[in-house]
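A short write-up of the structure that comes next.
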Amino acid sequence: MHEVLLAAGPLRHGTVPLGEAIAFWVLGPIALAGAIGMVLLRNAVHSALSLVATMGCLGAFYLIQQGPFLGLVQIIVYTGAIMILFLFVLMIVGRDASDSLVETLRGQRWAAALLGVGFALLVAIGIGRAVSPVTPTDLNSPNAGGNNVHSIAALLFTRYLFAFELTSALLIVAAVGAMVLAHVEREGPRPSQKRLARERIRSGRPQPLPGPGVLSQHNAIGTPALLPDGSVARESVMVGSMESQEERQALPTPSAGEGGFE
Amino acid sequence: MSPYYYLVLSAALFTIGAVGVLVRRNAIVVFMCVELMLNAVNLTLVTFSRINGSLDGQIMAFFVMTVAAAEVVVGLAIITSIFRTRRSASVDDANLLKY
Amino acid sequence: MITAHGIQSYAWLLVAIPAASALILLTLGRAADKWGHLLGALVPVGLFVYAVFLFFSVKGQSNRKVDLHMFSWIPVARFRVDAGLLLDPLALVFVLLITGVGSLIHIYAVGYMAHDPGRRRFFGYFNLFVAAMLLLVLADNYLAVYVGWEGVGLASYLLIGYYYTRPSAATAGNKAFFANRVGDVGLSIAIMLMFAYFGTTSFAGVFGHFGHGGNATTGVATAIALMLLLGACGKSGQFPLQTWLPDAMEGPTPVSALIHAATMVTAGVYLIARSAPVFDATSAARTVVTIVGAITLLYGCINGAGQDDLKRVLANSTVSQIGYMFLAVGLGPGVYAIGIVHLLGHGFFKAALFLSAGSVMHAMNDRIDMRRFGGLWRVMPITFFVFVCGYLAIIGFPFATGFWTKDKIIEAAFDKGGTSGYLLGIIALVGAGLTAFYMTRALVMTFLGKRRWEPDVHPHECGPVMWLPMAVLAVLSLVGGWLLIFGGGVQEWLTPSVGPSVEAGVHTVSKPVLTAITLVVVALGIAGAWVAFGTRTIPEEQPQNVTVVTRASRRNLYADAFNEAVLMRPGQWFSRALVFFDNRGVDGVVNGLSASFGGGSSRFRRLQSGFVRSYALSMLGGTVAVIAVLLAVRFQ
């Protein structure tokens with residue numbers, strides 16, 4: 001794997017090779033920007049995408065820090081699985097995907113900023129004081145017997161076997177728990193096709209409901225369809241969300257702006 | 001460049017994640033911030049693993065990823081079920097458990 | 001000491017039967033209303049018959065101390081208390097007195113209480129008293145004595161407050177209870193001292209430490225004796241705990257006769273006589289006993305002279321007569337028996353006096369003010385006769401009971417020798433004169449002179465169920481003393497219990513001379529009373545322009561005022577201060593604390609806003625603080 005990763009290499013006198021330094025100075029700011037973007041962007045989908053960028057950069061850092069296995073796991077599991085899960089849920093939650101900028105808790109932002117800065121300073125001081133006397137070594141020797149994956153596997157299935165088994169139990173429990181939480185019990189018998197058809201005819205609207213985003217500028221699940229005369233088709237989005245919309249305000253026109261109809 | 005810069009970057013990411021948890025109201029974004037904090041810690045672990053010449057840090061980062069995956073699954077299930085009943089994904093709306 | 005056998009082994013019935021009867025009468029309620037009084041009166045009569053047999057059974061033995069062991073009461077390691085009865089001469093004398101006089105008064109009460117709706121309850125209490133009193137005198141250890149002691153106190157309290165709807169009766173009951181409580185503390189401390197020093201409370205065990213071969217020091221003896229004396233003072237209405245006894249007359253008259261004249265109030269004398277070995281070992285305590293007796297003797301006489309309430313006169317005379325008994329038992333070895341003999345005689349004549357006073361009250365619609373009596377001898381001849389018999393007995397008229405018993409005490413007081421002997425003797429002599437004075441006054445005001453009745457009373461003689469017991473007691477008052485003293489029979493009989501009766505070889509004042517002096521003093525008392533009350537018209541209202549002595553006498557020599565000022569008022573102030581402190585201080589602190597906690601927490605609970613982000617903020621704050629502390633500690 002070392003051959004694949006141009007930037008990765010052993011330390012020389014406690015400093016990283018030049019390739020790695022260049023990679024750090026390129027990817028580091030990207031990671032930071034992604035993180036800051038995630039916090040600052042109003043739209044949750046945008047936040048998720050910028051987090052994907054950060055996580056990708058972190059995966060690259062793992063690769064160049066002689067952890068190829070972990071780097072690939074990071075890219076596959078985090079950016080590939082977990083963030084996709086996030087995006088799925090965002091789409092389900094749909095319309096509520098973006099925040100308003102008004103802070104409702106008094107002093108929360110100031111306190112958060114203050115504590116964040118304090119925390120960062122303290123941790124930086126701690127790191128600086130704690131590790132400066134240590135000369136960094138390298139992972140050459142642990143990775144020497146074959147490669148990184150072999151070494152990790154050897155550790156994982158010997159010394160950390162018990163913890164590993166525990167994580168499997170944790171994952172099973174989490175999967176079952178997620179199913180239990182997300183599952184909705186059906187009330188009453190399953191309606192037959194005959195009955196559904198009859199209800200549909202009797203409802204006075206035999207044709208299907210308009211899909212969301214029809215004739216509108218967006219096609220997100222939370223965006224209602226527009227009728228040919230430009231008015232909003234209330235049937236195009238979920239009944240529940242429409243109700244909560246009615247509670248808030250009358251719907252704005254689609255031209256109100258990019259932020260949807262918040 | 002010494003590998004300690006990774007630690008500084010990780011501290012910065014962690015702080016941003018923490019502040020994000022405090023200021024964002026969308027539960028999903030809050031969750032993403034938590035994920036960011038976990039990732040920052042993972043970067044620290046990997047860096048320490050390298051500095052100390054031992055793979056244990058990487059193993060620990062691996063476990064953190066596993067736990068994070070489990071946490072995300074359960075957390076997102078909770079968010080959807082809350083959203084299903086309350087029609088809101090804001091953490092401020094779920095404030096019934098108070099004085 | 002020998003073990004009980006034959007008829008003696010059933011002596012426990014003396015306690016069990018009246019207790020069971022009391023239980024029946026008090027628990028059956030109205031179901032027993034029709035026959036309750038008959039059962040109540042039958043019990044002491046039956047007990048008296050048994051007691052007579054018991055008496056002769058013990059008398060026939062050479063060793064007259066019989067022990068009846070019943071069961072092991074409190075077996076705790078080193079401390080063992082066995083429940084047992086001691087059938088010795090002293091106990092038997094008391095048993096005969098209690099059941100004998102008790103029977104007569106029970107029968108009298110059947111008639112006296114005939115119109116009272118609570119008669120059954122009355123007899124229940126009365127039988128309870130008999131049971132407790134018999135336990136008191138029969139017990140063979142101090143702890144059982146204490147049980148009986150408290151039992152008679154309870155019965156006394158219940159019976160004083162028998163007319164509980166009258167505030168004065170309820171107050172009098174409380175007063176008696178409090179005064180007795182002070183005394184009871186003394187008795188219980190005495191018992192604790194015995195246990196502490198000797199590890200036993202049985203008579204035999206305790207007395208084994210005194211006298212020859214005993215190891216008890218004089219200090220221990222004095223301490224125990226003084227504590228016993230305190231108990232005796234409380235129960236017997238002696239100085240300084242005497243004030244409850246006149247107030248106890250709020251109870252029905254049979255109660256006054258049986259409990260507050262003939263038996264219960266003499267329990268103090270019994271206790272001292274019973275503890276003779278202890279008192280023999282300490283002359284200091286004996287001196288205190290004589291002083292208490294002398295003070296009380298004069299106190300009772302002076303108070304008795306100022307009262308207008310016939311029963312209060314008699315109550316004060318009881319106080320004074322028990323003072324005589326204390327004086328006698330305080331004089332020590334050889335004189336105990338004389339005190340007991342006077343106690344028996346007093347039981348007879350005081351019961352007679354009280355019963356006739358009750359008969360007068362009965363006839364006068366329960367009014368007891370002597371100023372509204374007068375001239376009753378003509379309408380109530382039997383009552384008058386009984387009262388005169390008791391009167392002659394108490395003043396020591398020649399050959400009546402008091403002549404034999406009281407004069408012995410005066411003689412013994414003079415025979416003590418020295419200045420103290422003369423002092424005590426003269427006090428006893430003066431007491432005899434004063435007794436004659438106030439008893440004559442009571443006799444004159446009640447039965448002689450003009451009729452000063454209130455217009456609505458129509459006095460009549462009582463029925464035979466009442467006058468028959470009175471008549472028996474009247475006869476006993478006249479001849480009882482002679483029977484008791486004749487040939488020193490009773491004194492010799494009591495020897496196993498209280499030691500031999502020793503007469504001084506050489507009398508300080510020779511017997512005939514002393515008798516003559518006593519008679520002269522008594523005659524002076526009678527003459528004084530006759531001049532003051534017999535020859536003048538007695539005003540129907542209490543005259544106010546009277547001498548200091550009379551005024552003091554009416555106010556009980558200010559003993560109540562003293563108690564009120566010295567004990568009650570400070571106690572009340574102290575209680576009020578405590579209440580104030582409790583309300584403002586303790587409660588204030590507690591309430592203030594709770595209010596501050598309540599207010600603080602109602603503020604603090606606002607922190608529980610329910611906003612996850614607020615909680616997260618405080619967590620981050622905590623994390624920052626922890627890191628700061630860690631860094632500060634690690635890199636100072």
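By convention in this document, chain letters (A, B, ...) are assigned in the order of the sequence lines, proteins followed by strands, and residues within each chain are numbered from 1. Reckoned from all heavy atoms, side chains included, excluding hydrogens, waters and symmetry mates.
The shortest non-hydrogen separation linking Arg613(C) to Gln108(A) is O-NE2, 3.2 Å. Scanning both residues, Ala111(A) and Leu617(C), for their nearest heavy atoms gives CB-CD2, 3.6 Å. For the pair Val624(C) and Leu115(A), the tightest heavy-atom approach, listed with the atom from each and the gap, is CG2-O, 3.9 Å.
Around the CZ atom of Arg584(C), the shell of radius 6.0 Å holds no more than 12 heavy atoms that belong to other residues, nucleotides or ligands. The local environment of CZ in Phe71(C) is crowded, with over 12 non-hydrogen atoms from other residues, nucleotides or ligands closer than 6.0 Å. The neighbour count for Met568(C) CE, taken as heavy atoms of other residues, nucleotides or ligands under 6.0 Å away, is above 12. Residue Tyr558(C) qualifies as enclosed at atom OH: its count of foreign heavy atoms under 6.0 Å is above 12. Counting non-hydrogen atoms of other residues, nucleotides and ligands closer than 6.0 Å to CD1 of Ile74(C) gives a total above 12. Residue-environment remark: CZ (Phe88(A)) stays at or below the threshold of 12 foreign heavy atoms within 6.0 Å.
Neither the backbone nor the side chain of Ser609(C) comes within contact range of chain A, judged by heavy atoms closer than 4.5 Å.
Within the model, atoms CZ of Phe119(A) and OG1 of Thr623(C) stand 6.5 Å from one another, a figure rounded to the nearest 0.5 Å. Going from atom CG of Leu122(A) over to atom CG of Leu630(C) covers 10.0 Å, rounded to the nearest 0.5 Å. To the nearest 0.5 angstrom, Leu620(C) atom CG is 10.0 Å from Leu114(A) atom CG.
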